[in-house]
Number of protein chains: 2
Amino acid sequence: MQITTLQTIANLVHYSRSTVSRVLNDQWNEHGISEATAELVIAKAKELNYIKNEGASSLRAKKTFTIGVIVRDITNPFYTQLVKFVENALYTKGYTVIICNTGYDLEKENGHINVLLRRRVDGIILSPNQKSIDNISLIKDRNVPLAFFDCKIDEIEADYILVDNEAGTSEAVNHLISKGHKKIAYIGGDPFESNNRLRYEGYKKSLSKAALPIREHYVKHSNYTFKHGYEASKELIRLNDAPTAFFAANNRIVLGAYKGIIDCGLHIPEDVSIIGFDDFETAIMLPIRLTVVCQPIEEIALCTVDLLLSRINNTNTQSFVTKILKTELILRQSIKGLA
Amino acid sequence: MQITTLQTIANLVHYSRSTVSRVLNDQWNEHGISEATAELVIAKAKELNYIKNEGASSLRAKKTFTIGVIVRDITNPFYTQLVKFVENALYTKGYTVIICNTGYDLEKENGHINVLLRRRVDGIILSPNQKSIDNISLIKDRNVPLAFFDCKIDEIEADYILVDNEAGTSEAVNHLISKGHKKIAYIGGDPFESNNRLRYEGYKKSLSKAALPIREHYVKHSNYTFKHGYEASKELIRLNDAPTAFFAANNRIVLGAYKGIIDCGLHIPEDVSIIGFDDFETAIMLPIRLTVVCQPIEEIALCTVDLLLSRINNTNTQSFVTKILKTELILRQSIKGLA
DNA sequence: ATGAAAGCGCTAACAC
DNA sequence: GTGTTAGCGCTTTCAT
């Protein structure tokens, strides 16, 4: 059984490929094709179960209606959500999405970018690594429309959709301070990553504004993992002047810290208060539901898609945009007021 | 700036498109192309930053090296993991993956399938809805290689990669029984879904074997949601002869049930024991870590990919295969032995 | 050791 | 109203 092409149909209805193509693309009206012909073609196409070969169209149109989305860890609920919203938004606009998971691996990121370029995607959405510069220039060299979300790379001019990490963290730390906490630890991720740097800035500023000292041994940088959160929290607890509150810079760290505190036999929030960046399912399932700084994930996804599509369609000719969205402090149970 | 094609290079090195193509596809040796020519071509390609247009190749080769993966809820960690492993396995085999999220919506599933067909994917991996029959026949009509995972549809002959739901559940319930539980509730999902039916079978068989009665009011079918788990557990607790142990048929339900129990002021496992199907992050983050039946997610992913690729490459000519993988009972803290 | 030519399936400019 | 033709970028058969 041969596959049905325009030619197959054309032969059978005794019209040309062009006519068939025009009918099937709903252009028969503006080309003055008779309704009879149109109906005949449509009927035959249905009968033969014709399905357009999108690849052939793409080749011809030099447009694939495909967008590549590259994230660092699709397993992290933050990215899962992001990807879900992006996929959905693009689907409704007629685009197909190729989701690429790099697992924080530059090699794999490189491989994925090359695949996307070979496939001539119309645009790429990227949650970059701080060290992705070389990989990103592959994209920029080709002038493939590109939008970043989640993370900023100072060296790269581009469109960014971000959240106000500094303000979000400040709000969190201010809240802690307002509850009487003076010894507040910061458990951070990669110290060179933009998000982490800004969150740390927010932390420092809030302390300064409240005339509280920034104590180096209260600051634990490493990476965005459960393990780091776990170990850092244990170390902090062992301190003579142990902090009374922890700020954790992402959803993995906060979980590790939570576990670390529990495993030390301490209670949240009676013994230690804790607040995390990112909201996520587990945060509300814990017996003490976590107070967190929530990122507007759906809004990030939608903004990114809009921005990218406006670039693709040349609708947007202004120079690079950096859009900063607001976070929201969600008060739950993991913070206690100090007497 | 024009994009570099084979022709661009051919013109500049004064060889034909064919020669350039052969060189760039590493076939220059078997075609007796001189090394000098090859080097020249390669150098020029690099200089011009040539990137092959995969779409054009696909059109010619009638093969896209693209696989569609359709899941019901990418947000559910079970599927996220599955997708991650599938994507990774296919990536290493040179395939690109288009991930489609249906959100349990048949319309959207239909839309996604049509997109995949129009794009002439080489194969499709599908976690089907029980009611997907019409959608699936779209694929079967086209003879596009197809592999199912996660869920079986009795009416459809095809390749399936599944786990032994019945045995897994039996093992869980047997464990409960061995711990002295006699009043065991079953909080299930969609009663018509194959997984749920088999899990329920396992539940009933274990009870029967232990000569325990199957009490209808201990069985709560509805859907695989947190909400259902939550409400069902509350109802069960209110019963006069409330069960001492709950079996929850998936990761969402078990979380709901957990929360329901806590919210009733009861303690796990002192007051109620609980066991879930599926392992997942939150299960080990809860203060009482959940005892669960764990599905071998990576193995499911790998088997499915292998099977699908063997079909695509006509390596595997045997008739349809149903592969049933083993689950594993992971003992943690949510079950108490009854005196 | 290399090239010419045909064609994958589609679309659009131009022709009548 | 409809057809002809050219071409998107690539590969491959056949020829020399």
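Atom set for the values below is all heavy atoms of this structure, side chains included, hydrogens, waters and symmetry mates excluded. Labels below follow one simple rule: chain letters A, B, ... track the order of the sequence lines, proteins then strands, and each chain is numbered from 1.
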**Student:** Rounded to the nearest angstrom, tell me the gap between atom CD1 in B/I33 and atom C1' in C/dA1.
**Tutor:** 7 Å
**Student:** Do any side-chain nitrogens or oxygens of A/K62 fall under 4.0 Å of OP1 or OP2 in D/dG9?
**Tutor:** yes
**Student:** Which residue, B/L59 or B/Q27, contacts DNA chain D at a nucleotide closer to its 5' end, judged by nearest heavy atom?
**Tutor:** B/L59
**Student:** Could you check how far CD of B/E54 sits from C1' of C/dC8, rounded to whole Å?
**Tutor:** 15 Å
**Student:** Remember a base hit wins even if backbone is also touched, and classify B/S58 as base, sugar-phosphate or nothing at under 4.0 Å, heavy atoms.
**Tutor:** nothing
**Student:** Expected output is a numbered-order residue list: members of residues 10-26 of chain A with a heavy atom under 4.0 Å from any atom of DNA chain D. What is it?
**Tutor:** A/H14, A/Y15, A/S16, A/R17, A/S18, A/T19, A/R22
**Student:** Using the ring of A/Y50 (Phe, Tyr or Trp, six-membered ring only), decide whether A/K52 places NZ or CZ under 6.0 Å from its centre and within 45 degrees of its axis.
**Tutor:** no
**Student:** Could you grab the distance from atom OH of B/Y79 to atom CD1 of B/I70, nearest 0.5 Å is fine?
**Tutor:** 12.5 Å
**Student:** Mind telling me whether A/F148 and A/Y160 have parallel, tilted or perpendicular rings, with 30° and 60° as the class edges?
**Tutor:** parallel
**Student:** Between B/E35 and A/K52, name the one whose nearest nucleotide on DNA chain C is closer to the 5' end.
**Tutor:** B/E35
**Student:** Could you give the distance from CG (B/D306) to CG (B/D159), rounded to the nearest 0.5 Å?
**Tutor:** 12.0 Å
**Student:** Determine the sole option in B/T64, B/N53, B/T66 for which the side-chain hydrogen bond (donor to acceptor under 3.5 Å, both in side chains) test with A/R119 is passed.
**Tutor:** B/T66
**Student:** Thinking salt bridges, do B/K84 and B/E87 make one under a 4.0 Å N-O criterion?
**Tutor:** no
**Student:** At under 4.0 Å, does any side-chain N or O of A/S57 touch on OP1 or OP2 of C/dG9?
**Tutor:** no
